[in-house]
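Some notes on the structure that comes next.
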Amino acid sequence: SHLKPGKLNSIVIQVIGTSDGNLLESQYYRGMNGITTEPYIVLKPRVNVMDYSVLAEYSDGSKMGNLTVNVDLFNQMKKGQYYIEMEVWDPKGKQVEKMGRWTVFDKKNELTMKMERSIAGVQPWNAETPNMYTLVLRLRDEKMNLVETVGCRFGFRTIALKDGLLTVNGSPVTINGATYVFYDYENHSLPSKEQVEEDLKLMKRNNINAVRTTIYSPAAPYFYELCDEYGLYVVCDANLQPLSTTAKAVATDKKFINMFVSRMQNMYAGIVLGGNGMNTELGNQIADTALSINSGVGKSTLAAGIQSSII
């Protein structure tokens with residue numbers, strides 16, 4: 001409602017020097033203010049795919065891939081009948097699944113559709129064979145006219161802790177990892193996708209199979225996408241190292257709980273292990289954050305929540 005089609009529109013951004021969020025970031029990091037990524041506006045139709053999540057688990061016994069896709073739809077008009085079409089393509093470009101479902105908006109702006117399929121003979125994802133599938137979602141109106149198309153790449157895998165061992169698709173794995181600070185020290189900004197790709201290729205050439213994002217997570221989406229493509233297990237620390245003094249410990253201050261939980265939830269869904277932060281004094285924020293994450297993330301994406309850094 002704020003944009004005027006065909007007219008010159010302006011984007012105004014306010015850069016805040018310090019905020020209450022700074023109290024959660026006492027780590028050793030260059031505190032430089034400014035905009036490090038390009039701002040942009042995404043134009044969506046009145047009825048659109050607002051968000052979607054993908055859970056792709058692999059069963060080592062049956063060799064089946066169990067796919068669950070939750071699609072959040074938004075309808076500005078609060079009415080109408082719409083069709084969601086889902087396609088899955090294997091690493092060689094062959095379509096292995098196609099299904100669709102109708103839904104009706106009845107005086108509501110938003111609704112969620114759940115689509116599930118079990119696919120036989122899938123090629124699982126791991127660091128040695130990072131087999132990536134392609135998901136395509138199409139939204140159509142009641143006359144089957146195309147409204148919007150979205151999609152992503154994903155891999156079938158199950159991450160679990162068994163008898164104290166980290167397993168991927170039922171087999172124990174040995175982590176040979178390195179810490180990756182998502183920062184370009186020459187340009188004092190975020191590294192480009194090309195630079196990140198070269199860094200990850202160098203890791204793979206040196207038999208590194210895991211990377212830790214340290215306490216400056218989340219990195220840009222292309223970092224995690226490249227880790228998926230090249231086969232690197234990701235250990236993601238939440239951007240939480242709260243300032244604590246003898247007089248005040250932020251990690252025990254209930255006024256900050258929503259900020260703790262949101263920073264943990266913002267971590268990339270495809271990680272192997274997630275960290276709740278560092279130097280948190282075991283305050284109530286850590287307990288509430290762990291409960292929030294463990295109740296909302298599938299076992300294939302988060303094996304354990306840890307209170308301090310690892311690797």
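Legend: residues meeting salt bridge (charged side-chain N to carboxylate O under 4.0 Å, His left out) with Lys98, ordered by chain and number and at least two apart, are Glu87. In this view, Glu97 and Arg117 satisfy the salt bridge (charged side-chain N to carboxylate O under 4.0 Å, His left out) rule, not counting sequence neighbours. Scanning for ring-ring contact (aromatic ring centres under 6.0 Å, His included) contacts around Tyr83 gives Trp102, with sequence neighbours left out.
Linking Ile, Leu, Val, Met, Phe, Trp and Tyr whenever their side-chain heavy atoms come within less than 4.5 Å puts Ile11 and Val15 in one cluster. Connection of Ile175 to Leu165 is not established within any shared hydrophobic cluster, with ILVMFWY side chains joined at heavy-atom distances below 4.5 Å, either directly or through further cluster members. Under the 4.5 Å side-chain heavy-atom criterion for ILVMFWY residues, no single connected hydrophobic cluster contains both Met64 and Val69. Under a hydrophobic clustering in which Ile, Leu, Val, Met, Phe, Trp and Tyr are joined whenever their side-chain heavy atoms come within less than 4.5 Å, directly or via other members, Tyr224 and Leu226 fall into the same cluster. There is a path of hydrophobic side-chain contacts, each under 4.5 Å, that joins Met99 to Val88.
In the hydrophobic clustering, Leu8 connects to no other residue, as no ILVMFWY side-chain heavy atoms lie under 4.5 Å from its own. Think of Val136 as one node in a network of Ile, Leu, Val, Met, Phe, Trp and Tyr side chains linked at under 4.5 Å; its network also takes in Trp89.
Here OH of Tyr82 is found 10.0 Å from CG of Leu73. Values are rounded to the nearest 0.5 Å. In this structure, the separation between CG on Asn66 and CD1 on Ile119 is 9.0 Å, given to the nearest 0.5 Å. Rounding to the nearest 0.5 Å places CD of Glu85 at 8.5 Å from CG of Leu146. Of the inter-residue distances, the one linking Ile208 atom CD1 with Leu232 atom CG reads 8.5 Å to the nearest 0.5 angstrom.
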All N/O donor-acceptor pairs, side-chain side in residues 195-202, below 3.5 Å, sequence neighbours left out:
from: Glu197; atom 1: OE2; to: Tyr230; atom 2: OH; distance (Å): 2.4
from: Asp199; atom 1: OD2; to: Tyr180; atom 2: OH; distance (Å): 2.7

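Shortest non-hydrogen contact noted between Trp125 and Asn131 is CD1-O, 3.5 Å.
Using a 4.5 Å cut-off on side-chain heavy atoms (C-beta onward), Met77 and Val47 make contact. Looking at heavy atoms from C-beta onward, Ile16 lies in side-chain contact with Gln14 at the 4.5 angstrom threshold. In this structure, the side chains of Tyr133 and Val122 come closer than 4.5 Å at one or more pairs of heavy atoms. Here the side chains of Ile84 and Thr103 are not in contact, with every heavy-atom distance at 4.5 Å or above. When side chains are defined from C-beta on, Phe74 does not count as touching Arg46, because their heavy atoms never get closer than 4.5 Å. Looking at Ile159 and Thr167, their side chains never come closer than 4.5 Å, going by heavy atoms from C-beta outward.
Although no hydrogens or angles enter the test, the distance criterion places no donor-acceptor pair under 3.5 Å between the side chain of Asp60 and the main chain of Ser171.
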Pair Val272, Val234 - check side chain to side chain contact (heavy atoms under 4.5 Å, CB included), show working. CA-CA 6 Å; Val272 173; Val234 178; 5.7 Å; no
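Centroid-to-centroid, the aromatic rings of Phe154 and Phe156 come within less than 6.0 Å.
Under 4.0 Å is where a charged nitrogen must lie from a carboxylate oxygen, and between Glu225 and Arg153 no such pair does.
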